[in-house]
Participant: 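There's a structure below that I have some questions on.
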Amino acid sequence: MKLKSKVLLAILATSSAAFAQTAPAAPESTLGYNVGVVSEYRYRGIAQTRGDAALQGGVDYAHSNGFYAGAWGSTIKWIKDNSTSSAEVKGPVEIDLYGGYKFEAAGLAYDVGYLRYQYQGNTLEKTGGIVNGSYVNANTDEIYGAVTAGVFTAKYSYSLSDLFGNKDSKGSTYLDLSATLDLGNGYSFVPHVGRQVVKNSTTTSTTGDYTDVALTLNKDLGDGLSVSVAAITTNAKSSFYYSPVNNYATGKNVTVVGVKYSF
């Protein structure tokens, strides 16, 4: 009986070792893609498509050592909307290029990186601006840092260039506080509050500084498909954030729905 037990244990040990050797190892890196559509593209609470839908998509690369990089794009309207009778302004697409490093320490998750907003071929500098007399090229560079504790994340962004074409706005900041709550059955709820400070944008009559709040409900439908609905509100001044085409207040309250496919 004792001998049989030893033989059985040896067989189990050998089988376990063989299974461990044949089990697939975690991938050293991953590459993912996504494509989707939203009823209106809002960024930091501000409309980028003047109330119209936007087509979006991206690619993400992540390495097991914590480094990542990616690109994401969306159709936009806000640059062309600044066309005047004397100058036609171009810039129909936003392309975000980013890279960074994620790591953990003392029970917290950290994320530091760089983000380039590339408005390919934009000529925003051809038109007049809202506050400072003129716009500059819309392309923008930011660095950011984020820390996550459980479901809560705080992220701080700092512009290394003029922010989204606003003249003399280098050094603008955005503080983002959010939580990701798993509701079960594929549902998640993400409350968010952000504070945008646009350097040198405040005058006696208006300001580019504002606070935005969003409540987003997501549903994972499986097989890479997901849907979302977001209620968004801001206190952005309509004298600063508006479309010259029809005076559309780009910071007004809105509900945005979206569909995304990841593969």
Side-chain angles (χ1 to χ4, degrees), residues 35-58 71-98 115-142 157 159-172 174 194 196-210 212 232-258:
V35 62
V37 62
V38 289
S39 59
E40 181 182 47
Y41 174 24
R42 287 272 175 141
Y43 185 66
R44 295 177 180 174
I46 302 300
Q48 310 294 298
T49 51
R50 191 174 21 94
D52 292 335
L55 180 64
Q56 304 174 333
W72 181 88
S74 177
T75 55
I76 60 170
K77 287 190 173 182
W78 70 270
I79 293 180
K80 185 174 176 56
D81 281 356
N82 283 279
S83 294
T84 64
S85 58
S86 59
E88 182 180 356
V89 179
K90 300 177 181 179
V93 177
E94 172 189 335
I95 302 172
D96 299 346
L97 305 171
Y98 50 88
L115 173 56
R116 166 76 169 185
Y117 303 87
Q118 179 73 28
Y119 299 97
Q120 192 62 33
N122 86 87
T123 56
L124 184 61
E125 67 273 11
K126 288 186 176 182
T127 188
I130 298 173
V131 175
N132 296 314
S134 65
Y135 277 124
V136 294
N137 191 281
N139 295 338
T140 300
D141 297 284
E142 282 188 340
S157 301
S159 67
L160 301 176
S161 64
D162 289 324
L163 186 73
F164 308 134
N166 291 288
K167 185 179 179 181
D168 298 327
S169 60
K170 178 181 178 180
S172 297
Y174 186 74
Q196 178 74 72
V197 175
V198 183
K199 196 170 182 178
N200 296 322
S201 69
T202 300
T203 68
T204 56
S205 60
T206 191
T207 179
D209 301 349
Y210 68 92
D212 69 288
I232 301 171
T233 183
T234 83
N235 65 352
K237 299 295 184 182
S238 58
S239 55
F240 193 100
Y241 294 98
Y242 70 94
S243 169
V245 172
N246 55 4
N247 290 324
Y248 179 88
T250 54
K252 71 178 183 179
N253 300 344
V254 70
T255 298
V256 175
V257 296

Participant: Go through the structure and list residues passing salt bridge (Lys or Arg N to Asp or Glu O under 4.0 Å) with Asp96, not counting sequence neighbours.
Facilitator: none
Participant: Go through the structure and list residues passing side-chain hydrogen bond (donor to acceptor under 3.5 Å, both in side chains) with Thr255, not counting sequence neighbours.
Facilitator: none
Participant: When rounded to the nearest 0.5 angstrom, what distance separates OH in Tyr242 from OG1 in Thr250?
Facilitator: 10.0 Å
Participant: Are the side chain of Ser161 and the backbone of Asp141 linked by a donor-acceptor contact shorter than 3.5 Å?
Facilitator: yes
Participant: Partners of Tyr119 by ring-ring contact (aromatic ring centres under 6.0 Å, His included), sequence neighbours excluded?
Facilitator: Trp78
Participant: By side-chain contact (heavy atoms from CB on, under 4.5 Å), which residues pair with Val93, not counting sequence neighbours?
Facilitator: Ile95
Participant: Run the side chain to side chain contact (heavy atoms under 4.5 Å, CB included) test on Leu124 and Asn82 for me, step by step, so that the C-alpha distance in whole Å, both residues' side-chain angles and the decisive distance to 0.1 Å come before the verdict.
Facilitator: CA-CA 7 Å; Leu124 184 61; Asn82 283 279; 4.1 Å; yes
Participant: Under the side-chain hydrogen bond (donor to acceptor under 3.5 Å, both in side chains) rule, collect the residues that match up with Ser205, sequence neighbours excluded.
Facilitator: Thr203
Participant: Tell me, please, which residues at least two apart from Ala54 pass side-chain contact (heavy atoms from CB on, under 4.5 Å).
Facilitator: Val38, Tyr41, Thr49, Gln56, Ser74, Thr75
Participant: Would the distance check show the side chain of Thr127 and the main-chain N or O of Glu125 forming a donor-acceptor pair, the cut-off being under 3.5 Å?
Facilitator: no
Participant: Does any part of the side chain of Val257, heavy atoms only, come nearer than 4.5 Å to the side chain of Ser39, both counted from C-beta?
Facilitator: yes
Participant: Quick check: closest heavy atoms across Gly165 and Tyr135, and the distance to 0.1 Å?
Facilitator: O-CD2, 2.9 Å
Participant: Please round to the nearest 0.5 Å and tell me the distance separating atom OG1 of Thr233 and atom NZ of Lys252.
Facilitator: 12.5 Å
Participant: Starting at CG of Asn122, measure out to CD of Glu94 and round the result to the nearest 0.5 Å.
Facilitator: 11.0 Å
Participant: Can you name the residues that form a salt bridge (Lys or Arg N to Asp or Glu O under 4.0 Å) with Lys77, not counting sequence neighbours?
Facilitator: Asp52
Participant: Could you tell me which residues satisfy side-chain contact (heavy atoms from CB on, under 4.5 Å) with Val254, sequence neighbours excluded, listed by chain and number?
Facilitator: Glu40, Arg42, Ile232, Val256
Participant: Can you measure from CG (Asn137) to CZ (Phe164) and round to the nearest 0.5 angstrom?
Facilitator: 13.0 Å
Participant: Take Lys170 and Leu163 through the test side chain to side chain contact (heavy atoms under 4.5 Å, CB included) and record every step on the way to the result.
Facilitator: CA-CA 6 Å; Lys170 178 181 178 180; Leu163 186 73; over 6 Å; no
Participant: For a 4.5 angstrom cut-off between non-hydrogen side-chain atoms, does Asp209 reach Ser201?
Facilitator: yes
Participant: Please identify each residue that fulfils side-chain hydrogen bond (donor to acceptor under 3.5 Å, both in side chains) with Tyr98, with sequence neighbours left out.
Facilitator: Asp60
Participant: Can you list the residues that meet the salt bridge (Lys or Arg N to Asp or Glu O under 4.0 Å) rule with Asp81, with sequence neighbours excluded?
Facilitator: Arg50
Participant: Determine, stepwise, if the pair Asp162 / Ser169 fulfils side chain to side chain contact (heavy atoms under 4.5 Å, CB included).
Facilitator: CA-CA 5 Å; Asp162 289 324; Ser169 60; 3.7 Å; yes
Participant: Less than 4.5 Å apart, any side-chain heavy atom of Asn166 and any of Phe240?
Facilitator: yes
Participant: Determine yes or no for a side-chain-to-main-chain donor-acceptor pair under 3.5 angstrom, with Ser243 supplying the side chain and Tyr248 the backbone.
Facilitator: no
Participant: Under the salt bridge (Lys or Arg N to Asp or Glu O under 4.0 Å) test, which residues partner Lys80, sequence neighbours left out?
Facilitator: Glu88
Participant: Are any of the side-chain heavy atoms of Ile79 and Lys90 separated by less than 4.5 Å?
Facilitator: no
Participant: To the nearest 0.5 Å, what is the distance between OG1 on Thr140 and CG on Leu115?
Facilitator: 9.0 Å
Participant: Could you tell me the separation between the CG atom of Asp168 and the NZ atom of Lys199, rounded to the nearest 0.5 Å?
Facilitator: 9.5 Å
Participant: Kindly indicate, with the supporting measurements, whether the criterion side chain to side chain contact (heavy atoms under 4.5 Å, CB included) is fulfilled by Gln196 and Tyr210.
Facilitator: CA-CA 6 Å; Gln196 178 74 72; Tyr210 68 92; 3.5 Å; yes
Participant: Not counting sequence neighbours, which residues clear side-chain hydrogen bond (donor to acceptor under 3.5 Å, both in side chains) with Glu142? List them please.
Facilitator: Arg44, Tyr117
